[in-house]
Amino acid sequence: MSPERPDARTMIRIVLDPGSWRSWDEPAGDRVPPDSTYADDLAAARAKTGYDESVVTGEGLLAGRRVAIVACEFSFLAGSIGVVAAGRLVRAVERATAEGLPLLASPASGGTRMQEGALAFVQMIKISAAVSAHRAAGLPYIVYLRHPTTGGVFASWGSLGHVTAAEPGALIGFLGPRVYESLHGYPFPEGVQVAENLFRHGLVDAVVSAEHVRDTAIRALSVMCAPREARRAATGDAAGPATPAGHDADQAHSEVGAWEAVTRSRRDDRPGVRALLRLAAADVTPLNGTGVGENDPGLLLALARFGGAPAVVLGQDRRRLREGPPLGPAGLRVARRGMHLASELGLPLVTVIDTAGAALSKAAEEGGLAGEIARSLADLVMLDAPTVCLLLGEGAGGAALALLPADRVLCAQHGWLSPLPPEGASAILYRTIDFAPEIAKTQGIRAADLKRDGIVDEIIPEFPDAAYEPRAFCERVARALDREITGLLARPAADRLATRLARYRHLG
């Protein structure tokens with residue numbers, strides 16, 4: 001087996017710490033007549049491959065962390081899942097759940113074992129139920145789709161990962177191309193059922209080679225498994241002030257007018273969410289799309305750490321939004337995926353607002369933009385996970401509001417929040433954009449005004465502008481996020497939610 005297409009045992013050896021693997025597999029007990037063709041097929045597969053079934057299960061260490069693994073072996077009857085393989089899979093998933101272990105899954109399968117028919121087909125139900133129970137227990141589930149993964153395996157446990165990566169060039173799809181051609185008389189379109197195409201459509205989070213899966217999983221689990229550790233941690237940096245010694249934050253805030261803040265927030269060289277992650281976060285694992293066939297490059301979703309604090313990060317990417325279309329319904333569905341991920345894993349959620357406004361187009365209207373804003377608002381304000389909002393720059397319209405309602409709201413000194421860009425408000429009131437500076441001043445949109453009105457809890461100063469000090473500013477933001485997340489993790493979930501709801505109920 002080539003290193004580019006590792007078999008199950010090689011895959012396990014690549015991923016786990018050396019010498020840490022322990023099998024959970026019991027001898028496979030066949031449920032087929034001993035003199036049948038199927039029995040002969042099983043015997044031949046065992047003799048040829050050295051595997052007793054199409055699934056291998058067990059545990060090991062990943063950078064010292066105990067994890068469970070389930071992996072398919074395609075050379076054994078095309079990695080197909082029958083009753084025995086399904087039973088082995090389910091027992092492993094249930095054991096991982098009972099023992100509180102993260103679960104790594106690596107399918108490579110043609111799907112249901114045809115020799116067992118309908119009974120094998122319905123095994124996907126109990127496998128999906130076991131994986132769902134694992135996720136419901138707040139335990140991470142990471143999937144690495146190997147070549148090929150099709151049929152019922154892709155349509156069950158292969159598509160349920162919190163984080164899903166795929167092998168470069170891997171064939172991944174629901175209906176295998178050979179079956180399609182046999183049924184329809186012509187081949188399936190090329191380039192559709194390929195890992196890279198799934199990534200483009202937001203169906204997988206990454207396309208990575210087998211040798212990089214280990215690092216990907218380590219980074220993701222360092223965040224996904226961190227909340228319990230964060231509650232015990234008390235980092236010195238997290239307690240530090242947002243304003244360095246020798247600077248008067250209040251004076252700095254008062255010196256910046258509303259229109260000046262707006263113009264500064266629009267600078268091309270102002271650091272955005274990607275700069276924040278690059279300069280001041282650790283263990284960053286980018287996630288991609290909704291997982292159900294949509295993507296929006298203007299909405300970034302990632303796992304990351306700020307200091308010792310873990311988080312799901314969802315943020316508006318100002319650079320991508322300027323180069324491409326404004327944030328649309330798909331972007332908010334990506335955001336809601338991040339909210340669901342934070343809720344299920346008990347991870348803190350950080351939202352980053354930096355948008356000139358949502359899309360205004362036929363596609364956005366017909367795609368349900370208003371409904372997605374409403375659902376994002378409802379999901380976020382009711383989320384049972386700790387939430388911190390960072391108003392990093394522009395905060396215009398419903399696209400900004402959708403990411404706002406959090407336990408704690410931080411605002412960059414030149415960040416702002418408004419129902420519309422000031423030019424739009426001026427056009428409504430005066431039928432011209434010429435009064436935008438006056439409108440900005442009277443609407444109370446700047447950071448100092450937002451703090452006065454209780455919308456913002458803390459202002460992150462800029463000396464004198466984040467564009468001039470990108471690394472220092474991003475590190476300042478990261479320290480504030482670390483402090484806020486650590487404080488929220490120490491509070492009971494019910495108390496956090498009650499305080500959040502009371503805050504917005506009495507605002508104004």
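These figures come from a predicted structure and were not determined experimentally.
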- [ ] Check step by step if side chain to side chain donor-acceptor pair (under 3.5 Å) holds for His134 and Thr97.
- [x] CA-CA 5 Å; His134 184 82; Thr97 306; 2.9 Å; yes
Task: Side-chain donor or acceptor of Asp269 paired with backbone N/O of Ala467 under 3.5 Å - done: no
Open item on the list: Whether the side chain of Asp354 engages the backbone of Glu394 through a donor-acceptor N/O pair (distance < 3.5 Å, no angle test) should be reported.
Closed with: yes
Task: Side-chain donor/acceptor of Thr442 to backbone N/O of Ile439, under 3.5 Å - done: yes
TODO: For Tyr504, enumerate each residue passing the ring pair (Phe, Tyr, Trp, His ring centres under 6.0 Å) test, keeping only those at least two apart in sequence or located in another chain.
DONE: none
Task: His162 side-chain N/O to Ile142 backbone N/O, donor-acceptor pair under 3.5 Å - done: no
Task: Side-chain donor-acceptor contact under 3.5 Å, Asp407 with Thr387 - done: yes
Open item on the list: Salt bridge check, Asp17 against Arg214: does any charged N sit closer than 4.0 Å to a carboxylate O?
Closed with: yes
Open item on the list: I'd like to know if the side chain of Asp457 and the backbone of Leu410 have a donor-acceptor N/O pair within less than 3.5 Å.
Closed with: no
Task: Salt bridge present between Glu469 and Arg476 (N-O < 4.0 angstrom) - done: yes
Open item on the list: Check whether Glu462 reaches the backbone of His414 with its side chain - one donor and one acceptor, N or O, closer than 3.5 Å.
Closed with: yes
Open item on the list: For Arg446, is there an ion pair with Glu260 - N to carboxylate O distance below 4.0 angstrom?
Closed with: no
Open item on the list: Counting only heavy atoms not in Leu360 (residues, nucleotides, ligands), do more than 12 fall under 6.0 Å from its CG?
Closed with: no
TODO: Keeping the roles fixed (side chain from Arg333, backbone from Val292), state whether a donor-acceptor pair exists under 3.5 Å.
DONE: no
Open item on the list: Taking Arg452 first and then Asp449, would you say they form a salt bridge - that is, a charged N and a carboxylate O separated by under 4.0 Å?
Closed with: yes
Task: Donor-acceptor pair, side chain of Asp296 and main chain of Gly298, under 3.5 angstrom - done: yes
TODO: Measure from the side-chain N and O atoms of Arg270 to the backbone N and O of Leu392, and report whether any donor-acceptor pair falls under 3.5 Å.
DONE: yes
- [ ] Look at Arg375 together with Glu372 and state whether they make a salt bridge at an N to O cut-off of under 4.0 Å.
- [x] yes
Open item on the list: Between Arg266 (side chain only) and Ala356 (backbone N and O only), is there a donor and an acceptor less than 3.5 Å apart?
Closed with: no
